[in-house]
Asks: 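Input: one structure, supplied below.
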Number of protein chains: 2
Amino acid sequence: MTKATDGKRIGASERTLDILTFLGEAGHATVTEVADRLDAAKSTTHYHLKTLEDAEFVVRTDGGYRVSLNFLTMGHELVSRMGVYQVGKPKVDRVARETGELCILMVEEHGYGYYVYDNRGEGAVNFDTTGNRKRLHDNALGKAVLANLSTERVDEIVERHGLPATTAQTITDRTALDAELETARDEGVAFDREEQLDGLCCVAAPIRSTHASGSDPVEAALSVAVPASRARDDYFNEELPHVVSDAANLVELELQEY
Amino acid sequence: MTKATDGKRIGASERTLDILTFLGEAGHATVTEVADRLDAAKSTTHYHLKTLEDAEFVVRTDGGYRVSLNFLTMGHELVSRMGVYQVGKPKVDRVARETGELCILMVEEHGYGYYVYDNRGEGAVNFDTTGNRKRLHDNALGKAVLANLSTERVDEIVERHGLPATTAQTITDRTALDAELETARDEGVAFDREEQLDGLCCVAAPIRSTHASGSDPVEAALSVAVPASRARDDYFNEELPHVVSDAANLVELELQEY
DNA sequence: AAAGTGTGTTCGACACTATCGAACTGACGT
DNA sequence: ACGTCAGTTCGATAGTGTCGAACACACTTT
């Protein structure tokens, strides 16, 4: 197990939060649906939902419930307060403008990679981004992050989320992943050659943050995504890696002055 | 009071959610800070936070806690599932492209207006948008919505959120607001002449949704925002109102076919 | 080095309350 | 008028959320 067994939790709140996540995934559900799903009495579920509605975390619509738009607002505020975002955004914008490609800023959390900001240049690929949550093993951003985490944390993450494949190229083997991370450490950048999505290739560089009191030093990464057709030769193997690690480095430096 | 007194709530969960909203507003806080703020024992707060962390709604950083990036993701998913967004987005894009101005899509919830999508054309004003939550009385979007709500709901909202002023032009008087809403109903569009922000003017049209089982029929609006310098003559008083209500109408129609 | 602050954390006991199931309402269908 | 779906209320019991005091730990300060 990861860490969940020790200490005491609050049962009632756990239920409420379970309902929230369930509603988030399902999108829309009725009281009875939720009650069935959580193995709770309809009445109990009712009280939970009323509490959630009161606190404006949930909304009634079309004879049922869904999560509130507060999530959008809170997420937006959270991101705009993050240091990595503040100093990273202008860099992403510049890279997107100069390369004409799609440029993304990712932050690690709970073993996932969250797309926190993106900007697409002229001829950029069309690929859904900001707000998305991705696994770390199947894309350049994620691997750039993993490469700079301690082996214990990598173990923990792999154990928790597994190594599911989304294309034929996805790395699904742990030792292969370790080798990949090793070279990523050496080169300072990580690559993704259609491992996440057919036809999509990426280069990413890690953003190591220093104040890093406790845990690990890396928590973010910056990437450029290009269509596979442009993922060749010096452009993809030399030029873009330079651009990306340059930008990431700038972010790291600016981050040190809070 | 609004509705809060009747029925039973779950105390423990209320606390947990209070902590969440507090963390959302504060951005970052320690256990003791939260405990002080909520008038709860440090130990109790600790258990709540542990529960929240477990459920991945909260994250430990820099000797303290903040809400998780899950909020961003859940908010994003929620929005992309909303019908108004799906059919509204392309219209917003088109209006932004054709007018060259900033175009916004808003959805009402809990008496607030949430900016759900925006797109800015060439010479558009720079004004923070998506994810923002606004009062309804001080901007065109909000007034377009209010104009189509029942008087009871307007009463409720005004009582709950008041009519605070953000510029010298903000409507702070209830009867003045009613008059404004009356003309908005007549004209089919609502205006904002620097009532929310100095130098910013808007025109907005309501998007009435029909499936509207229970409550009120309106829940969204679409607007164009321009710098005050361009808010004159036919352009602002005739042309933009036409563009905006055309687009809003299209959305309404498409929404009827689910 | 020892005393000070600030974290987060554990413990045990009591009062409180979250929980359940059954019974109720109210809308839509038929 | 009946059925079925939604959400809602009720009362009793078992369970647990709550508190405060004491704890460990990492730091400055003295």
Side-chain angles (χ1 to χ4, degrees), chain A residues 2-20 22-23 26-55 57-67 210-216, chain B residues 2-20 22-23 26-55 57-67 210-217 258:
Chain A
T2 45
K3 60 171 175 179
T5 17
D6 56 334
K8 169 184 171 183
R9 310 294 138 92
I10 288 153
S13 305
E14 266 183 323
R15 274 229 167 126
T16 306
L17 297 176
D18 283 349
I19 293 180
L20 253 192
F22 171 61
L23 277 182
H28 182 89
T30 69
V31 178
T32 6
E33 283 168 353
V34 176
D36 285 354
R37 175 60 176 260
L38 296 219
D39 287 313
K42 214 180 14 167
S43 54
T44 307
T45 313
H46 171 61
Y47 294 131
H48 278 277
L49 282 169
K50 207 195 283 188
T51 311
L52 279 165
E53 193 193 2
D54 247 54
F57 276 89
V58 141
V59 163
R60 311 195 46 147
T61 15
D62 309 297
Y65 294 85
R66 64 159 172 80
V67 302
T210 33
H211 58 68
S213 44
S215 48
D216 293 295
Chain B
T2 45
K3 60 171 176 178
T5 18
D6 55 333
K8 169 183 170 184
R9 310 294 138 93
I10 289 154
S13 305
E14 267 183 323
R15 274 230 168 124
T16 305
L17 297 176
D18 283 349
I19 293 179
L20 253 192
F22 171 62
L23 277 182
H28 182 90
T30 70
V31 177
T32 6
E33 282 167 352
V34 176
D36 285 354
R37 175 60 176 260
L38 296 220
D39 288 313
K42 215 180 13 167
S43 53
T44 307
T45 313
H46 171 61
Y47 294 130
H48 278 276
L49 282 169
K50 207 194 284 189
T51 312
L52 279 166
E53 192 193 3
D54 247 54
F57 277 88
V58 142
V59 162
R60 311 195 48 147
T61 15
D62 309 296
Y65 294 86
R66 54 151 244 254
V67 302
T210 34
H211 57 69
S213 45
S215 49
D216 292 294
Y258 303 94

Asks: Can you tell me whether the side chain of Ser43(A) and the base of dG21(C) have a donor-acceptor pair closer than 3.5 Å?
Replies: yes

Asks: Output the rounded distance in Å from NE2 (His46(A)) to P (dG21(C)).
Replies: 16 Å

Asks: Does any donor-acceptor pair link the side chain of Lys8(A) with the base of dT9(C) at a separation under 3.5 Å?
Replies: no

Asks: Whether Arg60(B) contacts dT9(C) is assessed here as follows: a side-chain N or O lying under 4.0 Å from the phosphate OP1 or OP2. Is that the case?
Replies: yes

Asks: Is there a side-chain contact between Lys42(B) and the phosphate of dA22(D), meaning an N or O under 4.0 Å from OP1 or OP2?
Replies: no

Asks: In whole angstrom, what separates Leu49(A)'s CG from dA18(C)'s P?
Replies: 15 Å

Asks: Just wondering, do Lys42(B) and Asp36(B) contact through their side chains at under 4.5 Å, heavy atoms?
Replies: no

Asks: Tyr47(B) has an atom OH; how far is it from atom C1' of dT9(C), in whole Å?
Replies: 8 Å

Asks: Nearest-Å distance, CD (Glu33(A)) to P (dG7(D))?
Replies: 8 Å

Asks: Side-chain N or O of Arg15(B) versus OP1/OP2 of dC19(D): is the shortest distance under 4.0 Å?
Replies: yes

Asks: Is there a side-chain contact between Tyr65(A) and Leu23(A) in this structure, where contact means two heavy atoms from C-beta onward sitting under 4.5 Å apart?
Replies: yes

Asks: At under 4.0 Å, does any side-chain N or O of Lys50(B) touch on OP1 or OP2 of dG17(D)?
Replies: no

Asks: Flag the pair Leu38(B) / Thr45(B) as yes when at least one side-chain heavy-atom distance between them is below 4.5 Å, and no otherwise.
Replies: no

Asks: Round to the nearest Å and state the distance from Leu38(A) atom CG to dC20(C) atom P.
Replies: 10 Å

Asks: Give a yes/no on whether any side-chain N or O of Thr44(B) is located under 4.0 angstrom from OP1 or OP2 of dG17(D).
Replies: no

Asks: Would you say that Val58(A) contacts Arg66(A) through its side chain, given a criterion of any heavy-atom pair below 4.5 Å between the two side chains?
Replies: no

Asks: Are Val59(A) and Glu53(A) close enough that some pair of their side-chain heavy atoms sits under 4.5 Å apart?
Replies: no

Asks: Give the nucleotide from the list dG17(D), dG7(D), dC20(C) with an atom nearest to the side chain of Ala12(B).
Replies: dG17(D)

Asks: Using atom CG of Asp54(B) as one end and atom C1' of dG8(C) as the other, report the distance to the nearest whole Å.
Replies: 16 Å

Asks: For Tyr65(B) and dT7(C), give me the distance from atom OH to atom P, rounded to whole Å.
Replies: 12 Å

Asks: Within the pair His48(B) and dG17(D), is there a side-chain N or O less than 4.0 Å away from OP1 or OP2?
Replies: no

Asks: For DNA chain D, whose closest nucleotide is more 5', that of Thr32(A) or that of Ile10(A)?
Replies: Thr32(A)

Asks: Rounding to a whole Å, what distance do you find between Arg9(A):CZ and dG15(D):C1'?
Replies: 19 Å

